[in-house]
Amino acid sequence: MAGHVNEGKEKAPSKIAMMWILVLLAASVASGFHVQRHHAAPRRLRMSWGGDVTWQDVSVLSNDEAAKGMRSITLEVGAETAAGFTVPGQFVQLKLDADAKPGFFAIASPPSNASVFEFLIKETESNEWLTASTPGQALTMSGVAGKGFDVASHFEGDASQVNREYDGFQCMNVMFFATGSGISPIRSTIEAGVAVGLPKPATLYFGVKDADHRPYADKFDTWRTEYNVNVFEVHSQPLDGWDGATGYVQDALKINGVPVPRNTGACICGQKDMFLAVKDILLDAGVFEGRILTNF
């Protein structure tokens with residue numbers, strides 16, 4: 001699941017391309033600044049591959065630094081579009097205007113009735129049109145798409161489904177894995193309340209380069225106290241003074257192990273090597289493959 005965001009042509013990505021495009025997609029921290037703006041009627045565009053994408057004008061509410069090389073961007077999207085966001089981990093396409101090429105970006109805020117979407121965007125030359133955007137600026141956005149992290153089906157299924165698909169083992173332990181801006185759709189899932197009510201706290205393994213490249217660090221305490229999620233940070237190139245785990249997420253998981261694997265569900269978003277290694281460790285421990293979720 002990994003790679004940078006590509007601003008591709010308006011055609012259907014292949015299944016494999018889609019898999020890696022979506023992984024590091026983006027999120028953002030909400031801002032109190034609000035711009036009142038008229039939303040134009042949605043426009044339908046016929047794609048060469050036969051599908052329809054509905055485009056609409058949206059407005060930038062805020063653009064703030066989230067971490068070194070990452071921006072928190074909040075958009076006013078309108079109530080109709082917001083109503084289509086129902087599963088954490090879903091995404092939208094964004095572009096500068098009707099004639100530009102779109103990029104795919106995961107929504108970082110949780111599904112709600114609010115007409116505001118938050119994104120976490122890693123800065124690159126190709127997305128400067130977005131990362132350098134200013135409050136009040138108009139952008140063009142598609143409707144919400146993607147299956148997201150289908151935790152409702154696989155972590156919270158009814159007794160008959162659990163008996164049929166998971167040999168009667170209820171999901172009682174949740175693990176999250178993210179690297180860099182891959183924390184975006186994981187944040188959406190955490191703040192959707194997936195771990196609230198579990199008998200033990202969920203664990204987020206979060207891999208970053210160092211403390212300067214650590215988006216959402218200001219939310220870690222809230223995730224612990226309000227969402228029942230403990231954060232286990234892993235720094236690959238730690239700064240002086242860091243006394244936590246070093247190396248990579250998969251290394252830390254291998255050391256710590258997987259508690260109650262038959263009762264465990266996992267959500268993963270990040271670099272391809274991390275995803276493959278973590279998935280192998282989880283499967284070897286006995287986690288059901290159907291409970292190892294991606295958002296693509």
So Arg187 and Pro215, do their side chains get closer than 4.5 Å, heavy atoms only? no
Will you find, in the side chains of Gln56 and Thr81, an N or O donor that is under 3.5 Å from an N or O acceptor? yes
Closest contact, heavy atoms only, Ala266 versus Leu282: CB-CD1, 3.7 Å
Do Trp55 and Gln93 have side-chain heavy atoms sitting under 4.5 Å apart? yes
Pairwise salt bridge (Lys or Arg N to Asp or Glu O under 4.0 Å) hits with a residue in residues 160-174, at least two apart: Asp167-Arg262
Looking at Lys147 and Asp150, would you say the former's side chain and the latter's main chain have a donor-acceptor pair under 3.5 Å? no
Does Asp212, at its CG atom, have more than 12 non-hydrogen atoms belonging to other residues, nucleotides or ligands within less than 6.0 Å? yes
Leu253 and Met175, any side-chain heavy atoms less than 4.5 Å apart: yes
Under the salt bridge (Lys or Arg N to Asp or Glu O under 4.0 Å) rule, collect the residues that match up with Lys279, sequence neighbours excluded. Glu289
Sidechain-backbone polar pair: Asn228 side chain, Ala195 backbone, donor-acceptor under 3.5 Å: yes
Would Phe149 end up clustered with Val196 when hydrophobic side chains under 4.5 Å apart are linked, directly or stepwise? yes
Is any side-chain heavy atom of Thr134 closer than 4.5 Å to a side-chain heavy atom of Val60? no
Is any side-chain heavy atom of Phe155 closer than 4.5 Å to one of Cys267? yes
Single-linkage hydrophobic cluster, 4.5 Å side-chain cutoff, Phe220 and Ile183 together: yes
Short side-chain to backbone donor-acceptor contact, Gln90 and Gly148, under 3.5 Å: no
Contact summary for Cys269 and Met274, nearest pair of heavy atoms: O-CE, 3.8 Å
Sidechain-backbone polar pair: Asn173 side chain, Thr264 backbone, donor-acceptor under 3.5 Å: no
Can you name the closest pair of heavy atoms from Ala79 and Ser115 and give their distance? N-CB, 3.7 Å
Please round to the nearest 0.5 Å and tell me the distance separating atom CG of Leu204 and atom CZ of Phe206. 7.0 Å
Side chain His154, main chain Arg291, donor-acceptor under 3.5 Å: no
Counting only N and O atoms by type, is there a donor-acceptor contact under 3.5 Å from the side chain of Asp210 to the main-chain atoms of His213? yes
Just by distance, with hydrogens left out, do Tyr166 and Asn263 show a side-chain donor and acceptor under 3.5 Å apart? no
Please walk me through it: do Trp223 and Glu191 pass side chain to side chain donor-acceptor pair (under 3.5 Å)? CA-CA 8 Å; Trp223 290 350; Glu191 295 184 6; 3.0 Å; yes
Could you tabulate the donor-acceptor pairs under 3.5 Å formed by side-chain atoms of residues 234-246, not counting sequence neighbours?
residue: His235; atom: NE2; partner: Glu233; partner atom: OE1; Å: 3.0
residue: Trp242; atom: NE1; partner: Gly244; partner atom: O; Å: 3.3
residue: Trp242; atom: NE1; partner: Ala245; partner atom: O; Å: 3.0

Going by heavy atoms in the side chains, are Phe117 and Val58 under 4.5 Å from each other? no
Distance only, no hydrogens: is a donor on one side chain within 3.5 Å (strictly under) of an acceptor on the other, for Asn163 and Ser160? no
Check whether any side-chain N or O of Ser188 sits under 3.5 Å from a backbone N or O of Ser109 as a donor-acceptor pair, and report yes or no. yes
For residues Arg71 and Glu123, determine if any side-chain heavy atom of one lies less than 4.5 Å from a side-chain heavy atom of the other. yes
Check Tyr216 against Ala108 and note the closest heavy-atom contact, atom names and distance. OH-CB, 3.5 Å
Mind checking whether Val208 and Tyr248 sit in one hydrophobic cluster, side chains of I, L, V, M, F, W, Y counted as touching below 4.5 Å? no
Is the shortest side-chain heavy-atom distance between Leu75 and Val116 below 4.5 Å? no
Given the rule that I, L, V, M, F, W and Y join up when any side-chain heavy atoms are under 4.5 Å apart, are Phe85 and Val87 in one cluster? no
Please answer: with hydrophobic residues joined when any side-chain heavy atoms are less than 4.5 Å apart, are Met141 and Trp129 in the same cluster? yes
Would you find a donor on one side and an acceptor on the other, under 3.5 Å apart, between the side chain of Asp97 and the backbone of Ala100? yes
Do you see a donor-acceptor pair shorter than 3.5 Å between the side chains of Asn230 and Arg224? no
